[in-house]
Amino acid sequence: MTTYILRRLAFLVLSLLMASVVLFLLLRLLPGDPANALLSVGASPEQIAAARHQIGSDRPLPDQFVQWLHQLATFHLGDSFVSSLPVGPEIASRLNVTVPLTLLSFLLSLVIALPVGFVAAHRSRTWYGSLLSGISQLGIAVPVFWVGMILITFFALRLGWLPAGGFPQDGWSDPGAAADSLVLPVITVALVMSASLIRYVRSATLDVLGSDYLRTARALGSSFTGAMWRHGLRNGAAPVISILGIELATTLLGAVVVETVFALPGLGSLLSQAVAQHDYPTIQGVLFVSTFAVLVIGFLADLVQRLIDPRLRGRLSGGAR
Amino acid sequence: MSAPATRQTRPRRSWTLVTGCVLAGLIVAVGLLSLAWVPYAPDDTSGGRLMPPGLPHLLGTDKLGRDLLTQLMIGARIALESGVGAVAIGAVLGVPLGLAAGFASRWLDDLVAALLDILIAFPTLLLAMLVVAARSASLGSAVIAIGLAMTAVVARLTRVLVKRVLTQDYITAARTSGTSWPRVITGHVLPNIWGTLAVNLALQFGLAVLAEASLSFLGLGAPPPNESWGRMLQEAQATVLTAPTGAIAPGVLLVVLVVGVNMIADGLRDTLDPTRRRSR
C-alpha cells in the first residue's frame, strides 16, 4: 500500500505539472494577445508594446513558463489586469463561499442519493421503485441553473422564506445570514447532483442484490440486513466511491454556474467576470486552483477505493470510472 | 466476421427507444422548421414588451418585445447545432486517438492514458470558458470547446473498448489465420465497439446541449439576435413573476431534448446488448 501511495502521489505531481503546462499553453497559443485586455480600442503601437512588456507577454515562451511555474510554487498568482490586486487573496476570499457551497451540496446529495438509490434498486419492480428511477432520469436532463431559477421563484419570490440571492457583505461574521443565503443554492446543486448519483447507487445495489455471495450468505442463514451490512455494503461501495471523486468535482462545477444564478461572490462568479473582461491572471489562477482541487480529489478517491477494495491494489489509477 | 458482432437477433421493440425518438424528433422538427419559417424576424421588437400568450404572439413576447415562439424555434436549432457539432468534433478526434492508444506499445499507451486522465480532470465547462476567453463569445467557440473536452472522454472510452476486444480469442484467431491489422480493425474491432460508442456518443450529445446552455446562461454562448435557450432563460430570470412563460418554456424544451436523447441511448443499449436489459 505504501508503494502504491508513493506511485500515485508521483502521478498526482506529474498530473499537476502537466495541467499547468496545458493551462499555460492554451492561454498563450489561442489567438488574442492578453495585452489587449489592458488597453482601450485604438491604442498606439507604443502603448501596446508597453502593455506587453508590463505583463511579460513579449518575452520568449520558455521564460514565461518558468515565471508561471515560479508563481505557482510560491502561490503568488500575479495581479489582476482589471483591479491590479493580487489574484491569490481574491481567490482565497471567494473560496469562503464556494467551498461550503460545494461540500454542503455534496453531503446533501449523498443523503438524498444513498437511500433513494437503494430503494429504487431493492424495490425496482414496484411502482415507486420505477417512479424513483424515472425521476432520476429526468434529473440528469435538467440544467442546474434552471432548477435554481424555479426554486428562487417559489421559495424566495412567492413565499419569501429565503433570500433570492446575494451574500452578506461581511461574509461569515453573521453565520446565520450567510447560512440563509446558502440554503437555496445548496438545495439546487444537491438536487441535480443526486440525480446522477442515484443511478450509480441503484446500479451498484442491483449488482449486489443479484450476486452469488449474497445468496450464499442468505442460504447460510444470515438475515437480509445482516448479509447486506456485512458483504453488500463493502462490495457495493467500491464502484460508488470511485464515482464520488468525479461527483465532487462535478459539484464544484455546478457551484460555479449556480453562483451566477444566486449572485454569490464565489469562485464561479469570479471566473465568469474574469472571462468577460479578459482578465488572464485571474482566469489562470481560478482554473489552476480548481484543476488542483479536482486532481487532489481524484487522488483521495483512488486511495479510499484501494482501502476498501483489495482487488484493485495492483492498478495505478481509476477503477471502473 | 466475428461472432459477437453478428448476433442474429431481431431488434426487439423498445418503448424507451420509441419514446426517445418521438421527444427528440419533436425538437428536431421544430429546429428544421425554423430554417424555413419563423413567425417573426428574430430581431423584430415591434410586439410590445412582456405580452402574455395570445394573439398575434402565440407564446407572448420577451422584455424587448421579441416574439417568444420565434426565439424558441431558433433556440431549438442552436441546441441541435451545438450537440451535433460537439459530438462530431469529439468523435472525429477521439475515436482515432483511442484506437491508436489501444494499439500502441505499453509505455506510449500509458502516456496517452495519463494525458487523457489529466484532460478529463480538466472540467468541460472551465475548458470552454478558457476557449471563450481567448476567442470571443460565440456559438463556434462554445461548440469547439465542448467538442475538445469531449474528445478526451471519447478517446479514453475507445481505448478501453479496443483493449478489451484485443484480448479476445477471435482476434488471435484472425491474426493467426493471416488477417492484416487494418482488416482486423475494420472487420473485428470496430464492429464490436461501435454499439457501446454510439450509446455513449448519444449521452455525450445530451451533456453537450446542457453545457452549451450553461455557457450561454453565463453569457458566453451565441450572441443575439439568434439566442440559445440558456441565454433566453438568463434574460427571463428577472421577470419570472410577471412573464413566467419565458422562464419556463426554454427549460422545458431543453429537458425534452435531453431526456429524449438519453432515452434513445438507453433504448439503443437495451436493443444492442440484451445482457444489460435487466440491470438498468
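Please read these numbers as outputs of a predicted model, since none were measured by experiment. Below, each value reflects all heavy atoms present in this structure, side chains not excepted, and no hydrogens, waters or symmetry copies. The sequence lines fix the lettering, A, B, ..., with proteins before strands; numbering per chain opens at 1.
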Student: Could you look at B/Val252 and say if it's the side chain, the backbone, both or neither that has a heavy atom under 4.5 Å from chain A?
Tutor: both
Student: Counting only non-hydrogen atoms closer than 4.5 Å, does A/Ile150 touch chain B with its backbone (N, CA, C, O), its side chain (CB onward), both, or neither?
Tutor: neither
Student: Among A/Thr153, A/Leu14, A/Val144, which has the most heavy-atom pairs under 4.5 Å with chain B?
Tutor: A/Thr153
Student: Just so I know, are the side chains of A/Val261 and B/Gln234 near enough to count as touching, which here means a heavy-atom distance under 4.5 Å?
Tutor: no
Student: Just by distance, do the side chain of A/Gln137 and the backbone of B/Val259 share a donor-acceptor pair under 3.5 Å?
Tutor: no
Student: What part of B/Leu220 is in contact with chain A, defined as an atom under 4.5 angstrom from a non-hydrogen atom: side chain, backbone, both or neither?
Tutor: side chain
Student: Answer with side chain, backbone, both or neither: which region of A/Ile283 has an atom nearer than 4.5 Å to a non-hydrogen atom of chain B?
Tutor: side chain
Student: Mind listing the closest non-hydrogen atom pair of A/Met149 and B/Leu233 along with its distance?
Tutor: CE-O, 3.4 Å
Student: Looking only at non-hydrogen atoms, find the nearest pair between B/Leu210 and A/Ala141 and report the distance.
Tutor: CD2-O, 3.7 Å
Student: When you compare the side chain of A/Pro143 with that of B/Phe217, does any pair of heavy atoms fall below 4.5 Å?
Tutor: no
Student: Using modelled atom types and a 3.5 Å cut-off, is there a donor and acceptor pairing between side-chain atoms of A/Trp146 and backbone atoms of B/Ala247?
Tutor: yes
